[in-house]
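Structure record follows, encoded as structure tokens.
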Amino acid sequence: MSKSVAVPPTSVSRAGPKVGLVSLGCPKALVDSERILTQLKAEGYDISPDYAGADVVVVNTCGFLDSARAESLEAIGEALNENGKVIVTGCLGATPDLILEQYPSVLAVTGPHRYEQVMSAVHQVVPPRHDPFVDLVPAAGVKLTPRHYAYLKISEGCNHRCSFCIIPHLRGDLVSRPIDEVLREAENLVNGGVRELLVISQDTSAYGVDLRHKGAEWRGRERRAHMTDLAGALGELGAWVRLHYVYPYPHVDDVIPLMAEGKVLPYLDIPFQHASPTVLKAMRRPGNQEKVLQRLAAWRRDVPDIAIRSTFIVGFPGETEEDFSLLLDWLKEAQLDRVGCFRYEAVDGAPANDLPGAVPEEVKEERWNRFMAVQQEISMAKLDAKVGRTLEVIVDEIDPEDGAICRSHADAPEIDGNVIVEEPTRRLRPGEIVRVTVDEAGEYDLFGHLADQN
Ligand code: SF4
């Protein structure tokens with residue numbers, strides 16, 4: 001979970017009403033913050049980089065885990081202390097009583113993606129000042145992420161009911177954005193300088209199910225609201241396209257040819273969560289991990305360089321040593337590139353809390369350590385295998401001490417590793433795509449030099 005105070009570029013010299021924004025949570029929440037910022041700028045508000053200069057502060061909260069709720073409540077308290085005028089939005093806003101009980105002086109509470117309600121709360125505290133010359137925003141909107149990559153949110157909510165998750169309760173069932181709207185936003189982003197689009201949602205592979213895959217015309221052709229059509233159309237924009245939060249449905253196989261053609265990055269972020277059929281059943285997730293191994297093999301046959309990222313939960317209620325060993329064996333076979341592992345944490349309101357067989361904390365810890373040891377060996381061997389190869393990378397930032405911090409197709413920003421060019425032989429700019437020959441592999445990162453042809 002990340003917390004950032006927004007300081008977007010200001011192109012206006014005169015003082016307008018000022019709004020502060022504290023953004024907490026996952027990339028999906030960041031997209032909400034970006035939308036609020038875009039709208040504020042569109043209406044002529046300035047963004048305050050600190051509490052003291054703000055006429056009102058919007059706190060965009062996260063409510064996924066108990067620890068995230070606590071951090072959100074703390075951020076609200078801090079904003080009230082420092083400024084006094086606070087509007088709360090985001091996932092925690094779905095439970096207004098919880099917030100108002102602790103902080104009755106909060107001015108308004110809205111749930112996630114209620115941008116209009118946030119705006120009308122802002123209007124009430126500090127009305128906008130209309131000036132057609134300064135109310136303009138770039139077509140790409142105001143980004144909180146570096147200019148060269150952007151998150152593209154394609155839907156809200158989720159139709160699954162995984163027993164450990166309260167997102168469907170907080171965000172509701174799947175609501176997809178129309179395909180032409182998503183593609184127009186992506187086009188604007190790319191025209192505004194974005195070189196990498198990170199497709200996000202709660203469940204990217206379900207995109208368009210609620211719309212019955214209703215199509216729309218874009219660039220002279222009919223496109224369905226469907227993951228495959230969306231990925232293909234995004235691939236025409238000339239930017240890197242990275243798919244996150246893909247649920248392992250069979251039709252995921254259909255995006256593999258797009259990866260083979262180079263239209264979509266050969267990267268799939270699929271949270272498998274476990275491998276034991278018993279645990280998966282208790283999680284209410286699809287349970288045929290044998291079949292998943294066959295699919296992984298088929299994907300690698302078609303796209304040998306595909307990078308698979310996944311997340312797992314250890315210590316889920318009822319997980320036996322046998323279940324856990326099965327998970328470790330599966331992990332060794334699956335040879336995933338990037339893996340995150342969470343110790344099971346009870347989330348208020350999640351059905352899994354009522355399951356029998358709670359795993360003691362020390363067992364969770366011990367399993368987590370064993371899991372990480374197995375995966376670390378796999379990930380390191382995968383990184384070692386890249387030594388001597390030349391990779392295409394995107395430059396994220398230039399650090400005066402560390403050199404150019406870049407990423408290959410196998411690395412999503414913030415969550416995966418980096419490719420570091422310690423002493424670039426020429427000046428590089430963030431967003432530039434260059435070729436790097438790998439000299440050395442670290443635990444998470446690769447180190448290399450610019451390839452001759454750059
Ligand atoms: S698919 Fe993801 S968002 Fe949906 S219920 Fe399961 S864990 Fe939650």
Side-chain angles (χ1 to χ4, degrees), residues 1 24-32 61-69 90-95 111-113 151-177 198-211 226-227 242-252 255 268-289 292 308-319 327 336 338-355 412 415:
M1 168 152 159
L24 295 145
C26 61
K28 286 156 253 183
L30 192 67
V31 173
D32 286 351
T61 57
C62 177
F64 185 30
L65 294 174
D66 286 352
S67 48
R69 286 165 170 248
C91 281
L92 194 64
T95 49
H113 43 270
Y151 295 99
L152 184 66
K153 184 146 80 173
I154 57 170
S155 60
E156 304 281 5
C158 181
N159 287 346
H160 296 287
R161 294 293 181 264
C162 303
S163 58
F164 53 82
C165 178
I166 54 164
I167 282 178
H169 171 69
L170 289 178
R171 301 204 156 203
D173 280 340
L174 179 80
V175 178
S176 304
R177 297 175 62 202
L198 302 133
V199 176
I200 56 165
S201 67
Q202 307 297 343
D203 177 4
T204 294
S205 26
Y207 172 64
V209 166
D210 55 311
L211 302 174
H226 187 284
M227 181 175 74
R242 195 182 291 282
L243 301 175
H244 282 288
Y245 313 118
V246 174
Y247 197 85
Y249 290 113
H251 71 260
V252 173
V255 293
L268 268 181
D269 173 7
I270 307 186
F272 291 118
Q273 310 298 12
H274 214 281
S276 149
T278 326
V279 177
L280 286 166
K281 190 161 172 231
M283 287 178 166
R284 300 191 198 148
R285 301 210 23 122
N288 195 344
Q289 296 311 77
V292 171
I308 313 278
R309 146 163 284 276
S310 191
T311 48
F312 294 84
I313 298 173
V314 295
F316 191 77
E319 182 194 64
L327 170 61
L336 306 176
R338 306 281 190 185
V339 168
C341 180
F342 300 96
R343 303 160 189 86
Y344 173 74
E345 193 183 316
V347 176
D348 232 6
N353 298 349
D354 303 329
L355 291 174
I415 50 175

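Order of listing sets the numbers, starting from 1, for every ligand and every atom in it.
Here atom 4 (Fe) of ligand 1 has protein N, O or S atoms under 2.8 Å from it, and they come to 1.
Between His274 and Phe342, the gap from one ring centroid to the other reaches at least 6.0 Å.
Not a single donor-acceptor pair under 3.5 Å links the side chain of Tyr247 to the backbone N or O of Gln202.
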Atom pairs and distances, donor-acceptor, side-chain atoms in residues 278-287, under 3.5 Å, two or more places apart:
{"residue": "Arg284", "atom": "NH1", "partner": "Arg161", "partner atom": "O", "Å": "3.4"}
{"residue": "Arg285", "atom": "NH2", "partner": "Pro271", "partner atom": "O", "Å": "2.7"}

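Heavy atoms of Tyr245 stay at 4.0 angstrom or farther from ligand 1.
Residues Cys158 and Leu174 form no side-chain contact, since every pair of their non-hydrogen atoms from C-beta on lies 4.5 Å or further apart. Put simply, the side chain of Tyr344 reaches to within 4.5 Å of the side chain of Pro317, judged on heavy atoms. Between Val339 and Phe312 the shortest side-chain heavy-atom distance falls below 4.5 Å.
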